[in-house]
Amino acid sequence: MTETIWHQQTIDSYLQALGEANTDPAGGAQAALLGAQACAMASMVVRFTLSNKKYTPLHERARVWLDGLAASQKTLLNLMQEDVRALNAMSHTWSIPKDDPTRSAKIQEALIRGAEVPRQMAEAIITVIPIFEELMQSGNQNLLSDSMMAADMAASSASCALYNIKINSKYMKNEQMKKAFNSLAGDWMKQVDSLRHFIAHIVRERLE
């Protein structure tokens, strides 16, 4: 069976598939796509910052932002597919007969993979949170609302990925593994909350 590479499809075909009663694609892929879109929108603002002489003192730093955003965007697009594969593997393990002695171990393996993929998604966003914040604070202010929108999308993407870490770790029998995933998710959610608070601060400071 030919695998559909979702980030290479049209918007219409992707949304049609997302709305169907199947898991190819599903929430994890959507979280990754949202993060990639956030990076792309932020990159647009960075390029408008680079093209404006008013922001010349910021240009060297802005080029670094562009590289970071591009790297995360590429990672997130690839993770759309990895999430589909992980979810399909999970569905397969649940269909294994209950009297199969390998069933429990295979389910646990699938749960770990199911948490690892969104962990990578969240990491790709967490890594560039400082860029979203600096862009709102110092980037081209003619595109402030775009910077804020990108940051809000990034926060939502990371939150959704963290939800998927939690739902998979909930059923892990390895308590050490479960604790590690939950601890990381908790720490990263604090960073996401901090980004949301920063967005609210920018609203109060610049838009009211």
Side-chain angles (χ1 to χ4, degrees), residues 1-9 14 17-18 22-40 42 67-96 98 100-132 153-196:
M1 184 177 178
T2 303
E3 181 181 44
T4 301
I5 308 300
W6 287 113
H7 72 265
Q8 296 176 355
Q9 305 306 305
Y14 170 76
L18 185 63
N22 60 53
T23 57
D24 185 4
Q30 178 57 30
L33 177 59
L34 185 61
Q37 290 172 320
C39 291
D67 289 342
L69 291 166
S72 285
Q73 181 178 324
K74 181 179 180 179
T75 295
L76 288 159
L77 287 178
N78 289 332
L79 287 171
M80 284 182 71
Q81 212 61 33
E82 287 304 312
D83 183 81
V84 170
R85 292 167 184 153
L87 198 50
N88 286 341
M90 175 68 72
S91 297
H92 172 71
T93 60
W94 285 110
S95 69
I96 296 173
K98 291 185 178 181
D100 187 323
T102 68
R103 184 175 189 269
S104 180
K106 288 180 178 178
I107 287 174
Q108 291 303 308
E109 289 175 8
L111 287 169
I112 292 171
R113 182 181 180 186
E116 174 58 21
V117 174
R119 185 203 68 77
Q120 293 177 36
M121 290 181 198
E123 183 177 44
I125 291 294
I126 295 298
T127 300
V128 291
I129 278 182
I131 296 176
F132 287 100
M153 291 165 63
S156 294
S157 170
S159 294
C160 292
L162 294 173
Y163 302 154
N164 278 345
I165 292 175
K166 299 284 284 184
I167 194 63
N168 282 284
S169 65
K170 178 180 179 179
Y171 299 103
M172 290 179 186
K173 293 181 179 179
N174 184 320
E175 291 298 326
Q176 185 176 1
M177 186 77 71
K178 177 188 288 189
K179 183 177 180 181
F181 274 117
N182 285 338
S183 177
L184 185 62
D187 289 343
W188 281 352
M189 188 60 83
K190 290 177 183 177
Q191 294 186 54
V192 173
D193 289 341
S194 178
L195 175 58
R196 293 191 189 281

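Excluded from the calculations below are hydrogen atoms, water molecules and symmetry mates; all remaining heavy atoms, backbone and side chain alike, are included. Throughout, numbering of the chain's residues begins at 1 and tracks the sequence. Owing to the predicted nature of the structure, the values given are computational and were not obtained by experimental measurement.
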Participant: Check whether any side-chain heavy atom of L87 sits under 4.5 Å from a side-chain heavy atom of V84, and report yes or no.
Facilitator: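 No, side chains not in contact.
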Participant: To the nearest 0.5 Å, how far apart are CG in L111 and NZ in K170?
Facilitator: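 Output value for this atom pair is 12.0 Å.
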Participant: Find out whether M189 and Y163 are in side-chain contact, i.e. whether some heavy atom of one side chain is under 4.5 Å from a heavy atom of the other.
Facilitator: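 They are in contact (side-chain heavy atoms under 4.5 Å apart), so the answer is yes.
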Participant: Test of understanding: with salt bridge (charged side-chain N to carboxylate O under 4.0 Å, His left out), list the residues that count as partners of K178, not counting sequence neighbours.
Facilitator: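 Here the qualifying residues are E175.
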Participant: Heavy atoms only: give me the nearest I165-A185 pair and the separation to one decimal.
Facilitator: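 Minimum heavy-atom separation between I165 and A185: CG2-CB, 4.2 Å.
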Participant: With S169, which residues qualify under side-chain hydrogen bond (donor to acceptor under 3.5 Å, both in side chains), at least two apart?
Facilitator: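 side-chain hydrogen bond (donor to acceptor under 3.5 Å, both in side chains) check on S169 returns N182.
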Participant: Which heavy atom in A38 sits nearest to a heavy atom in F132, and how many Å separate them?
Facilitator: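 Answer, listing the atom of A38 first, then F132: O-CE2, 3.6 Å.
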Participant: Rounded to the nearest 0.5 Å, how far does OG1 of T127 lie from CD of Q191?
Facilitator: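 Q191 atom CD to T127 atom OG1 measures 9.0 Å (nearest 0.5 Å).
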Participant: Less than 4.5 Å apart, side chain to side chain, heavy atoms only: is that true for Q30 and Y14?
Facilitator: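 A side-chain contact exists here, since the closest heavy-atom pair is under 4.5 Å.
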Participant: Return yes if some donor-acceptor pair links the side-chain N/O of S157 with the main-chain N/O of A32 below 3.5 Å, else return no.
Facilitator: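 Side chain of S157 to backbone of A32, a donor-acceptor pair under 3.5 Å: no, none is there.
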Participant: Return the CZ to CD distance between F181 and E116, rounded to the nearest 0.5 Å.
Facilitator: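 So the gap between those two atoms works out to 5.0 Å.
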Participant: Using a 4.5 Å cut-off on heavy atoms from C-beta on, say whether the side chain of R85 contacts that of E3.
Facilitator: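 In short, these two side chains touch, coming nearer than 4.5 Å.
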Participant: Please report the interatomic distance CG(N168) to CE(M177), rounded to the nearest 0.5 Å.
Facilitator: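 One gets 12.5 Å once the value is rounded to the nearest 0.5 Å.
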Participant: Of all residues at least two apart in sequence or in a different chain, which pass the salt bridge (charged side-chain N to carboxylate O under 4.0 Å, His left out) check with R196?
Facilitator: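 With neighbours one apart ignored, the set is D152.
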Participant: Is there a donor-acceptor contact under 3.5 Å from the side chain of S72 to the main chain of L69?
Facilitator: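 Between the backbone of L69 and the side chain of S72 there is no qualifying donor-acceptor contact (under 3.5 Å).
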Participant: Residues two or more places apart in sequence or in another chain: which of them pass salt bridge (charged side-chain N to carboxylate O under 4.0 Å, His left out) with R113?
Facilitator: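 In terms of salt bridge (charged side-chain N to carboxylate O under 4.0 Å, His left out), with neighbours along the sequence ignored, R113 is linked to no residue.
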Participant: With the side chain counted from C-beta on, respond yes when E123 and I126 share a heavy-atom pair under 4.5 Å apart, and no when they do not.
Facilitator: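 No - every pair of side-chain heavy atoms lies 4.5 Å or more apart.
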Participant: List the atom of D83, the atom of A29, and the distance in Å for their closest heavy-atom pair.
Facilitator: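 Here D83 and A29 meet closest at OD2-N, 3.3 Å.
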Participant: Could you tell me which non-hydrogen atom of M121 sits nearest to which non-hydrogen atom of G28, and how far apart they are?
Facilitator: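 Closest pair (atom of M121, atom of G28, distance): CE-O, 3.2 Å.
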Participant: Restricting to pairs with a member in residues 182-192, which pass salt bridge (charged side-chain N to carboxylate O under 4.0 Å, His left out), not counting sequence neighbours?
Facilitator: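 Non-adjacent pairs meeting salt bridge (charged side-chain N to carboxylate O under 4.0 Å, His left out): zero.
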Participant: Measuring from N164:CG to S159:OG, what's the distance to the nearest 0.5 Å?
Facilitator: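 Here the rounded value is 11.5 Å.
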Participant: A side-chain contact here means heavy atoms from C-beta on lying under 4.5 Å apart; do L76 and I125 qualify?
Facilitator: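 With C-beta onward as the side chain, the pair touches.
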Participant: Looking at CG of D24 and CG of L18, how far apart are the two atoms once the value is rounded to the nearest 0.5 Å?
Facilitator: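 Here the interatomic distance stands at 10.5 Å.
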Participant: Given 3.5 Å as the limit, does a donor-acceptor pair link the side chain of Q81 with the main chain of T4, or not?
Facilitator: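 Here the side-chain-to-backbone pair exists.
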Participant: Does any part of the side chain of M90, heavy atoms only, come nearer than 4.5 Å to the side chain of T23, both counted from C-beta?
Facilitator: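 The answer is no; the side chains never approach within 4.5 Å.
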Participant: Where do M153 and Q37 come nearest, in terms of heavy atoms and distance?
Facilitator: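 Residues M153 and Q37, closest heavy atoms: CE-CB, 3.4 Å.
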Participant: Are side-chain heavy atoms of L33 and H7 found at a separation under 4.5 Å?
Facilitator: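 They are not in contact (no side-chain heavy atoms under 4.5 Å apart), so the answer is no.
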Participant: Identify, with sequence neighbours excluded, every residue that meets salt bridge (charged side-chain N to carboxylate O under 4.0 Å, His left out) alongside E109.
Facilitator: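 For E109, no residue satisfies salt bridge (charged side-chain N to carboxylate O under 4.0 Å, His left out) once neighbours in sequence are set aside.
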Participant: Quick one: closest heavy-atom pair of A122 and A161, and the distance?
Facilitator: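 Minimum heavy-atom separation between A122 and A161: N-CB, 3.9 Å.
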